[in-house]
Amino acid sequence: MEFKDLLILTPEFPDEYNKRIGGIFVKEQVKYLKDYFENVYVVSPTSVWREYLLNDHLENYGWDNVQVYHPLYVNFPFPYVGKYLKRFWIYLEKRAILKLIKTEKIDFDLIHAHYTWPSGAIAVEPKKEFKVPAIITEHTSITLHKALKRKDPYYLQTWDRCDAIIRVNKKDVPLFKKFNKNTVNIPNGFDEEKFCGMDRSKCREKLNLPLDKKIILSIGSLIEVKGHKYSIEAMNEILKKREDILYIIGGSGPLKEDLQLDFRR
């Protein structure tokens with residue numbers, strides 16, 4: 001079956017100039033996916049609370065055959081809600097998406113949702129109405145296992161109702177296949193023009209890094225789920241026995257100052 005027009009649903013997507021980087025990995029993926037479709041429509045709804053209380057406005061924009069929309073909709077001012085409010089959440093966000101599709105006359109024959117909640121749970125709704133397949137890429141780890149532990153129906157039913165699941169973590173594929181046999185592993189990719197092999201010694205000289213140490217590099221958001229504090233604890237123990245190790249953390253986030261204090265200790 002040939003798919004010409006792709007609709008992507010994602011809770012976050014960067015602005016045109018990448019000043020806001022939430023969902024940047026989705027945008028990087030779109031840069032490659034767009035070559036396989038005639039049109040790609042990215043829909044990342046924005047809550048009125050984010051728009052007005054946080055003064056975080058996002059404009060619609062596009063490039064090549066990609067069009068990005070940030071429809072405004074009424075939502076809850078807190079991220080975690082009970083199962084009854086989740087049903088209302090889906091209704092509100094789906095209504096905003098369907099209104100956008102109608103207003104902009106968006107035509108599509110495949111839906112790709114990033115994350116089960118809320119995008120995946122919403123994607124399986126228009127899938128029925130427009131009679132198109134919907135696939136979900138599940139990125140989370142802790143959230144995922146919490147949902148499994150409490151048997152969250154919005155996760156389990158969504159996996160059962162979608163047409164396929166993409167899991168970035170290969171070891172979780174058997175777990176997902178219990179709910180949907182069409183589960184595949186596609187790991188995160190990278191831009192080989194930005195990240196390519198270079199001479200190690202020359203790189204170290206350019207960055208003023210020691211030539212006689214083994215370097216461990218961690219790149220990512222400085223948030224609790226990344227577990228940097230455990231790496232720092234481990235490094236403190238390693239450095240008691242070895243002096244040829246250098247651990248570098250790159251990134252930004254709310255834990256930056258705390259992690260810097262942990263390093264100094």
Side-chain angles (χ1 to χ4, degrees), residues 8 10-33 42 44 50 54 56 58 63 68 79 114-116 119 137-147 166-173 175 184-265:
I8 295 176
T10 177
E12 287 194 291
F13 200 82
D15 62 279
E16 185 174 3
Y17 305 103
N18 295 338
K19 292 180 179 179
R20 174 181 158 191
I21 62 171
I24 189 68
F25 55 90
V26 181
K27 189 173 186 178
E28 289 298 312
Q29 186 185 88
V30 170
K31 290 180 181 179
Y32 292 90
L33 279 178
V42 180
S44 181
R50 187 166 199 163
L54 301 181
D56 187 11
L58 288 170
W63 80 93
V68 180
H114 286 272
Y115 301 95
T116 303
S119 298
T137 294
E138 180 52 64
H139 302 273
T140 64
S141 178
I142 294 177
T143 301
L144 164 68
H145 290 287
K146 283 183 177 179
I166 297 171
R167 178 59 174 163
V168 295
N169 190 334
K170 188 176 182 179
K171 73 183 180 114
D172 287 336
V173 169
L175 184 156
V184 297
N185 164 243
I186 300 179
N188 290 324
F190 66 96
D191 188 337
E192 59 185 10
E193 293 183 2
K194 295 179 180 178
F195 301 96
C196 55
M198 298 176 65
D199 181 84
R200 181 182 298 178
S201 298
K202 289 182 179 178
C203 289
R204 292 194 179 199
E205 288 178 4
K206 187 175 182 179
L207 297 172
N208 196 29
L209 294 173
L211 300 175
D212 59 345
K213 289 183 179 287
K214 298 183 183 298
I215 297 176
I216 301 172
L217 175 64
S218 173
I219 300 290
S221 300
L222 305 183
I223 55 179
E224 192 74 30
V225 71
K226 298 295 185 180
H228 292 103
K229 65 178 183 180
Y230 302 112
S231 299
I232 293 174
E233 289 174 3
M235 285 304 305
N236 287 333
E237 294 301 313
I238 291 172
L239 291 175
K240 292 177 182 177
K241 299 180 179 180
R242 297 181 57 166
E243 297 181 354
D244 63 334
I245 306 292
L246 177 61
Y247 179 40
I248 300 174
I249 296 177
S252 61
L255 296 184
K256 183 176 180 178
E257 292 185 5
D258 290 341
L259 293 174
Q260 288 174 330
L261 285 173
D262 288 340
F263 261 124
R264 286 195 285 269
R265 291 182 189 129

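This chain uses plain numbering: 1 for the first residue, then up along the sequence. Both backbone and side-chain heavy atoms feed into the values below; hydrogens, waters and symmetry mates do not.
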Checking side chain to side chain contact (heavy atoms under 4.5 Å, CB included) for the pair Val42/Lys27: CA distance, chi angles, key distance, verdict?
CA-CA 9 Å; Val42 180; Lys27 189 173 186 178; over 6 Å; no
Check: Could you go step by step and tell me if Ile186 and Val168 meet the side chain to side chain contact (heavy atoms under 4.5 Å, CB included) rule?
Finding: CA-CA 5 Å; Ile186 300 179; Val168 295; over 6 Å; no
Legend entry - Lys171 vs Asn185, side chain to side chain donor-acceptor pair (under 3.5 Å): CA-CA, chis, key distance, verdict: CA-CA 9 Å; Lys171 73 183 180 114; Asn185 164 243; over 6 Å; no
Side chain to side chain contact (heavy atoms under 4.5 Å, CB included), that's the test. Do Thr143 and Thr116 meet it? Break it down for me. CA-CA 10 Å; Thr143 301; Thr116 303; over 6 Å; no
Give the intermediate values and the outcome of side chain to side chain contact (heavy atoms under 4.5 Å, CB included) for residues Leu246 and Ile216. CA-CA 6 Å; Leu246 177 61; Ile216 301 172; over 6 Å; no
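Residues Ile8 and Phe13 form no side-chain contact, since every pair of their non-hydrogen atoms from C-beta on lies 4.5 Å or further apart. A heavy-atom distance below 4.5 Å is not found between the side chains of Val173 and Val184.
In this structure, CD1 on Ile223 lies 8.5 Å from NE2 on His228, to the nearest 0.5 angstrom. Atom CG of Leu144 is separated from atom CG of Asn169 by 9.0 Å, given to the nearest 0.5 angstrom. We find the CG-OH distance between Asn236 and Tyr247 to be 11.0 Å, quoted to the nearest 0.5 Å. In this structure, Ile238 CD1 and Ser231 OG are separated by 9.0 Å, a value rounded to the nearest 0.5 Å. The CZ atom of Phe25 sits 11.0 Å away from the CD atom of Glu28 when rounded to the nearest 0.5 Å. Here the straight-line distance linking atom CG of Leu239 with atom CD of Glu243 works out to 8.5 Å at 0.5 Å rounding.
Heavy atoms of other residues, nucleotides or ligands lying less than 6.0 angstrom from CG of Leu209 number more than 12. When the shell of 6.0 Å around NZ of Lys146 is examined, it contains 12 or fewer heavy atoms from other residues, nucleotides or ligands.
Heavy atoms only, all atoms of each residue included: Ser119 and Pro11 are closest at OG-CD, 3.2 Å. The minimum heavy-atom distance linking Pro14 with Ile24 is given by the pair CG-CA, 3.6 Å.
Side-chain contact annotation: Glu138 with Thr140, donor-acceptor N/O pair under 3.5 Å present.
No side-chain donor-acceptor contact under 3.5 Å links Thr10 to the backbone of Ser44.
With respect to the salt-bridge test (charged N to carboxylate O, under 4.0 angstrom), the residues Asp15 and Arg20 do not qualify.
The stretch residues 200-227 participates, sequence neighbours left out, in these salt bridge (Lys or Arg N to Asp or Glu O under 4.0 Å) pairs: Glu224-Lys229.
Taking the six-membered ring where the residue is Trp, Tyr115 and His139 present tilted rings, their angle falling between 30° and 60°.
Legend: residues meeting side chain to side chain contact (heavy atoms under 4.5 Å, CB included) with Phe195, ordered by chain and number and at least two apart, are Phe190.
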